[in-house]
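Below you'll find the structure, written out as structure tokens, and then a few comments.
Lettering of chains follows the sequences in order, A, B, ..., and the numbering in each one begins at 1.
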Protein chains: 2
Amino acid sequence: MTLSRIILGFLALRSMTGYDLMRAFATSAAYFWHADKAQIYRTLGRLVEEGFACTEVVPGTNAPDRIVHHVTGRGRDALRAWLVAPPTQQAPRDPFIARMFFAGELNDDELFALIDARVADATAERDALLAIRTKTVRPTPGGDRSGWLRSMTLDQGIREHDENLEWLAAVRAGLGAEQRS
Amino acid sequence: MTLSRIILGFLALRSMTGYDLMRAFATSAAYFWHADKAQIYRTLGRLVEEGFACTEVVPGTNAPDRIVHHVTGRGRDALRAWLVAPPTQQAPRDPFIARMFFAGELNDDELFALIDARVADATAERDALLAIRTKTVRPTPGGDRSGWLRSMTLDQGIREHDENLEWLAAVRAGLGAEQRS
DNA sequence: ATCCGCATGTAAGTGGTTACATGATTCG
DNA sequence: CGAATCATGTAACCACTTACATGCGGAT
């Protein structure tokens with residue numbers, strides 16, 4: 001459901017091919033949703049079946065044909081209905097916290113290795129998001145509202161990583177204190 | 001994968017039935033992993049097939065039989081292997097942020113309704129976690145390490161909700177400012 | 001009487017991942 | 001000459017959700 005509506009959302013911004021959507025997910029949506037290409041092509045097919053999108057074959061000049069997808073009126077209605085629907089509870093799934101929960105029997109070296117790997121990942125992701133933020137102009141809520149909301153979601157991604165890194169540091173400090181005692 | 005290892009983790013703490021595991025997920029694991037009962041029974045079956053768990057039928061006295069699952073030695077090995085494996089990158093999937101990203105065309109009332117609903121959910125979840133934290137004794141990293149790690153993961157859940165609520169307030173404030181201007 | 005908790009599962013559908021498969025162009 | 005990028009997809013599998021199905025015992 002969410003994936004199909006995100007795709008409709010992108011198509012409402014501009015018509016795209018499956019490949020364009022892959023890049024849109026890899027760049028602009030990377031911090032709140034991941035989508036595989038097999039999934040994207042499958043879902044595009046379903047959106048066309050449902051009448052929420054239609055296709056236009058653009059013959060490739062010295063390149064493969066591009067199958068450009070456009071949102072239909074009914075597609076825009078479905079997108080809007082999803083946007084305003086009461087949010088359902090989110091099912092958390094955090095594999096790293098899951099490990100920490102059961103990691104009591106690991107020795108210090110193993111725990112430090114886990115934490116350091118996670119710190120490296122989180123730092124890299126946060127820095128990538130920071131790079132995007134410094135590169136783009138910050139819209140104001142009164143002016144370009146869509147742009148402002150998108151920049152707020154980017155902020156949220158950065159904040160979440162920062163919060164995470166602080167917590168990882170606290171866990172590391174707790175283990176360090178134990179070692180010295 | 002992660003689900004099966006979390007189940008092994010719980011079974012390593014004490015032997016349980018599928019029903020016991022449902023409650024374990026609903027209470028102690030709720031803030032980092034959600035699991036459906038259909039999934040739990042299916043995964044238990046697979047763990048037995050793989051030789052990571054075995055079953056003991058305890059006839060019910062005035063109650064249905066209980067099928068108690070125990071971890072095997074190979075099960076403990078598999079759990080440990082999962083704990084120390086290098087963490088793979090986490091695929092983010094946040095349906096609320098996804099909506100916000102595309103919510104530029106909604107009017108103020110619709111946006112406020114979305115945000116308020118999310119604030120209510122996040123507050124309720126955070127308060128539930130806080131209640132658990134105040135009810136339990138806080139272990140020290142040097143003493144009960146398993147307990148300390150578990151309490152740290154609980155902290156992480158609370159922090160994440162707090163961070164989220166701050167962000168939601170900032171979005172609300174931004175929209176409010178726009179309204180007044 | 002009816003609902004809630006205990007305790008077990010199955011069936012069907014949707015969502016997500018991995019591997020397979022093809023072929024042209026462009027850059028180093 | 002080889003690797004990367006553009007561009008399309010399929011097949012098989014695994015993970016997750018929802019609805020269906022049963023039956024006892026205790027509480028309101």
Side-chain angles (χ1 to χ4, degrees), chain A residues 1-8 15-27 29-30 32-50 52-53 55-69 78 82 88-95 98, chain B residues 1-8 10 15-27 29-30 32-50 52-53 55-69 82 88-95 98:
Chain A
M1 188 63 195
T2 305
L3 176 65
S4 66
R5 299 306 117 128
I6 294 173
I7 290 177
L8 282 180
S15 297
M16 294 190 197
T17 67
Y19 199 83
D20 293 333
L21 280 163
M22 274 172 52
R23 275 179 306 188
F25 274 96
T27 56
F32 63 86
W33 205 271
H34 169 81
D36 192 85
K37 88 181 160 67
Q39 244 179 309
I40 290 171
Y41 283 112
R42 202 200 318 157
T43 306
L44 276 174
R46 215 189 58 209
L47 287 172
V48 172
E49 267 177 45
E50 290 169 327
F52 295 157
T55 57
E56 173 202 6
V57 179
V58 179
T61 53
N62 293 348
D65 290 358
R66 292 166 49 84
I67 301 175
V68 179
H69 291 74
W82 172 70
T88 56
Q89 227 186 282
Q90 304 188 195
R93 287 207 173 85
D94 189 326
Chain B
M1 188 62 195
T2 305
L3 176 65
S4 66
R5 300 305 116 127
I6 294 174
I7 289 177
L8 282 180
F10 276 125
S15 297
M16 293 191 199
T17 67
Y19 200 83
D20 293 333
L21 280 163
M22 274 172 53
R23 276 179 305 188
F25 274 96
T27 56
F32 64 84
W33 204 271
H34 170 81
D36 192 85
K37 89 182 160 66
Q39 244 178 310
I40 290 171
Y41 282 112
R42 192 189 341 136
T43 306
L44 275 174
R46 216 189 56 211
L47 287 172
V48 172
E49 268 177 43
E50 291 168 327
F52 295 156
T55 56
E56 172 202 6
V57 179
V58 179
T61 53
N62 294 347
D65 289 0
R66 292 165 48 84
I67 302 175
V68 179
H69 291 76
W82 171 70
T88 56
Q89 226 185 282
Q90 304 188 194
R93 285 207 174 86
D94 190 325

Working note: W82(B) + T2(B), criterion side-chain contact (heavy atoms from CB on, under 4.5 Å); need CA distance, chi angles, decisive distance, verdict. CA-CA 8 Å; W82(B) 171 70; T2(B) 305; 3.9 Å; yes
Find every protein N or O atom lying less than 3.5 Å from an N or O atom of nucleotides 6-11 of chain C, and list the pairs.
from   : atom 1 : to     : atom 2 : distance (Å)
dC6(C) : OP1    : R23(B) : NH1    : 3.4
dC6(C) : OP2    : Y19(B) : OH     : 3.1
dA7(C) : OP1    : R66(B) : NH1    : 3.1
dA7(C) : OP2    : R66(B) : NH1    : 3.2
dT8(C) : OP1    : I67(B) : N      : 3.0
dT8(C) : OP2    : Y19(B) : N      : 2.9
dT8(C) : OP2    : Y41(B) : OH     : 3.0
dT8(C) : O4     : K37(B) : NZ     : 3.0
dG9(C) : N7     : K37(B) : NZ     : 3.2
dG9(C) : O6     : K37(B) : NZ     : 2.2

[N] phosphate, OP1 or OP2: any side-chain N/O from [X] under 4.0 angstrom?
| X | N | answer |
| --- | --- | --- |
| Q39(A) | dG15(C) | no |
| R93(A) | dG16(C) | no |
| R46(B) | dA15(D) | yes |

Distance in angstrom units between [X] [atom1] and [N] [atom2], rounded:
| X | N | atom1 | atom2 | value |
| --- | --- | --- | --- | --- |
| D36(B) | dG13(C) | CG | C1' | 13 Å |
| R5(B) | dC14(D) | CZ | P | 14 Å |
| I40(A) | dG15(C) | CD1 | P | 14 Å |
| Q89(B) | dG16(C) | CD | P | 17 Å |

For I67(B), which of V48(B), V58(B), L44(B), T55(B) qualifies under side chain to side chain contact (heavy atoms under 4.5 Å, CB included)?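 Exactly one candidate clears the test, T55(B).
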So do [Y] and [X] actually touch side chain to side chain, heavy atoms under 4.5 Å?
| X | Y | value |
| --- | --- | --- |
| D20(A) | R66(A) | yes |
| I6(B) | F25(B) | yes |
| F52(A) | H69(A) | no |

